[in-house]
Amino acid sequence: MIGDSRQCGCTNTEASLADPASTLIPSQEATLIVGIDVHKHTHAAALLDERGGEIATLIFANSPKGYQRLLGWLAEHDAASAVIGVESPGSYGRCLVAALVAAGHETLQVPAWRTHRERHRQGPGKTDPGDAISIAQVVLRKRSELGPALEPEIVRVLGMLELQRRRFVRDRTKAIQRLRSDWTQFDPVSEAGVVRCDRQRELARLKRLRLGDGLAERTAARCIRELARDIENLNRQIKALDAEIAELLDGHGNPLAELQGAGTNLTATIIAQAGDVRRFRDAGAFARFCGAAPIPCGSGQTAGRHRLHRGGNRQLNAALYRIAIVQSRHHPQARAYLARKAAEGKTPREARRALKRHLANVLYRRLYAWAEQTPVMNT
């Protein structure tokens with residue numbers, strides 16, 4: 001975590017020779033680790049000791065009774081204070097995580113990519129308890145690098161609203177494509193003359209469209225009118241979501257309000273995808289999560305060159321790209337930065353990647369300060 005100062009684990013030599021167990025910090029001696037592999041109907045849990053030895057495994061239902069069974073199982077094994085890691089709890093494991101946090105457990109989110117290597121170390125074959133053991137091994141080794149599994153309520157709400165908006169935009173795009181496909185079969189000239197089918201003026205005309213007296217013409221006109229009404233309805237829903245997202249951000253302080261290129265919808269996407277940025281070790285870790293941290297790719301005469309990391313969160317990467325494009329056109333400091341990178345011999349694409357890396361630092365600092373100052377992020 002940011003600002004985490006790790007103390008030296010030095011011990012008294014004579015005491016360590018007399019009692020080997022004293023070389024462990026007291027909090028580590030009693031710490032047990034639980035890994036949970038989540039599924040739609042059942043979850044698998046594995047309990048490990050502080051050295052990584054398997055103690056027990058459990059399969060339990062994804063239901064309140066199943067959660068109570070898990071808590072009872074932990075109490076039976078004297079693991080009431082165990083640290084629990086849940087792999088990708090965003091969907092099937094959300095209710096489980098809420099129950100564990102309510103019970104007082106430290107519950108951490110384990111990204112799926114971190115367990116990939118552990119699963120291979122298990123050897124061939126795959127079982128749910130084996131996956132839970134791999135998750136617990138990741139928690140044992142990388143506990144300080146994992147963030148909380150239960151995201152703040154504001155992050156969850158913005159995530160749901162942003163996802164719903166993207167669904168509506170996608171449905172509107174498909175409806176426009178279907179409308180144009182039907183329209184161009186009977187009146188390609190008129191169809192080509194309309195640039196934006198989602199504008200209210202064009203939709204009003206399309207809702208009164210007539211193509212002819214034939215059966216095919218009448219059927220096509222009816223389909224186009226229905227699609228126009230669907231597009232109009234989606235426009236209203238998208239507009240309502242835009243207003244709700246803006247009101248929510250205004251009520252809790254928009255952390256990117258003064259950042260050129262970051263509108264309210266893009267800010268909602270960034271907050272929803274990044275979550276609580278205090279879970280990242282530093283700005284560099286956040287940039288790697290965004291896929292904006294450069295990767296060395298030089299060799300020979302191109303030594304020192306870097307390329308864009310093609311992994312990371314693609315939604316955040318796309319948000320950085322949009323902000324970079326806007327600032328490269330309208331922001332004087334960004335334009336000067338790009339000019340300076342070009343003078344250093346970088347290509348336009350490499351200069352834009354450098355700008356994205358810089359913007360990742362800007363996002364991290366602003367989101368970190370917002371998380372520290374906003375009450376809803378600390379409840």
Side-chain angles (χ1 to χ4, degrees), residues 1-2 38 86-94 97 108-114 145-170 238 241-242 244-246 248-250 252-293 308-327 353 355-372 374 376-378:
M1 297 296 290
I2 296 299
V38 298
V86 183
E87 184 183 48
S88 302
S91 179
Y92 296 142
R94 194 179 294 275
V97 167
L108 304 175
Q109 177 181 1
V110 181
W113 63 268
R114 284 194 179 274
E145 301 179 17
L146 302 176
L150 188 63
E151 56 198 9
E153 188 176 29
I154 182 66
V155 174
R156 185 178 177 184
V157 170
L158 284 173
M160 288 188 291
L161 293 176
E162 186 268 339
L163 178 60
Q164 184 75 331
R165 186 184 186 280
R166 278 194 285 125
R167 288 169 176 164
F168 286 157
V169 171
R170 180 196 58 198
I238 292 171
L241 281 174
D242 289 343
E244 186 175 358
I245 290 172
L248 191 62
L249 287 174
D250 290 341
H252 295 90
N254 186 342
L256 307 180
E258 299 178 357
L259 182 63
Q260 188 169 14
T264 54
N265 292 322
L266 198 61
T267 300
T269 299
I270 292 170
I271 294 175
Q273 298 296 325
D276 190 346
V277 297
R278 291 174 294 184
R279 63 193 175 101
F280 296 104
R281 182 177 62 256
D282 51 26
F286 176 71
R288 177 56 60 89
F289 179 75
C290 297
L308 179 67
H309 180 209
R310 301 192 183 280
N313 186 295
R314 305 318 297 171
Q315 293 287 336
L316 285 174
N317 194 277
L320 287 172
Y321 178 82
R322 295 188 185 104
I323 297 173
I325 291 297
V326 172
Q327 292 200 359
R353 289 171 180 169
L355 178 59
K356 288 172 62 179
R357 177 64 182 85
H358 171 72
L359 287 170
N361 289 343
V362 174
L363 291 184
Y364 176 79
R365 290 193 297 267
R366 296 191 179 212
L367 292 174
Y368 190 95
W370 177 71
E372 288 285 298
T374 305
V376 75
M377 293 290 290
N378 297 282

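The structure presented is a predicted model; accordingly, all values stated were derived computationally and were not measured.
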Nearest heavy-atom approach of Ala360 to Ala292 is CB-CB, 4.4 Å
Would you tabulate the side-chain donor-acceptor contacts of residues 256-265 under 3.5 Å, counting partners in other chains and residues two or more places apart, or write 'none'?
{"residue": "Asn265", "atom": "ND2", "partner": "Asp242", "partner atom": "OD1", "Å": "3.3"}

Can you check whether Ile245 reaches Leu249 side chain to side chain, under 4.5 Å on heavy atoms? yes
Taking C-beta and beyond as the side chain, do Arg310 and Asn317 meet within less than 4.5 Å on heavy atoms? no
Derivation of the side-chain hydrogen bond (donor to acceptor under 3.5 Å, both in side chains) call for Arg357 and Asn361: CA-CA 7 Å; Arg357 177 64 182 85; Asn361 289 343; 2.6 Å; yes
Euclidean distance, Leu367 CG relative to Thr374 OG1, rounded to 0.5 Å: 10.0 Å
For Glu372, does the CD atom sit with more than 12 other heavy atoms under 6.0 Å from it, leaving out its own atoms? yes
Considering all heavy atoms, the nearest Ile270-Ala319 contact: CG1-CB, 3.8 Å
In this structure, CD of Glu87 is separated from CH2 of Trp113 (nearest 0.5 Å) by 12.0 Å
Should Gln109 and Arg114 count as side-chain neighbours, where that means a heavy-atom distance under 4.5 Å? no
Validation row: Glu244, Gln164 side chains within 4.5 angstrom (heavy atoms): no
Look at the aromatic rings of Phe289 and Phe280 and report parallel, tilted or perpendicular, splitting at 30° and 60°. tilted
Report yes if the side chains of Ser91 and Val38 come closer than 4.5 Å at any heavy-atom pair, otherwise no. no
Taking all atoms of both residues into account, what is the closest heavy-atom pair of Pro148 and Arg279, and its distance? CD-CB, 4.1 Å
Around atom CZ of Arg322, are there more than 12 heavy atoms from other residues, nucleotides or ligands closer than 6.0 Å? no
Heavy-atom closest pair, residues Leu146 and Pro111: CD2-CD, 4.0 Å
Measure across Val376 and Pro152 and return the closest heavy-atom pair with its distance rounded to 0.1 Å. O-CB, 4.1 Å
Which pair of non-hydrogen atoms, one from Val277 and one from Tyr364, has the smallest distance, and what is that distance? O-CE1, 3.7 Å
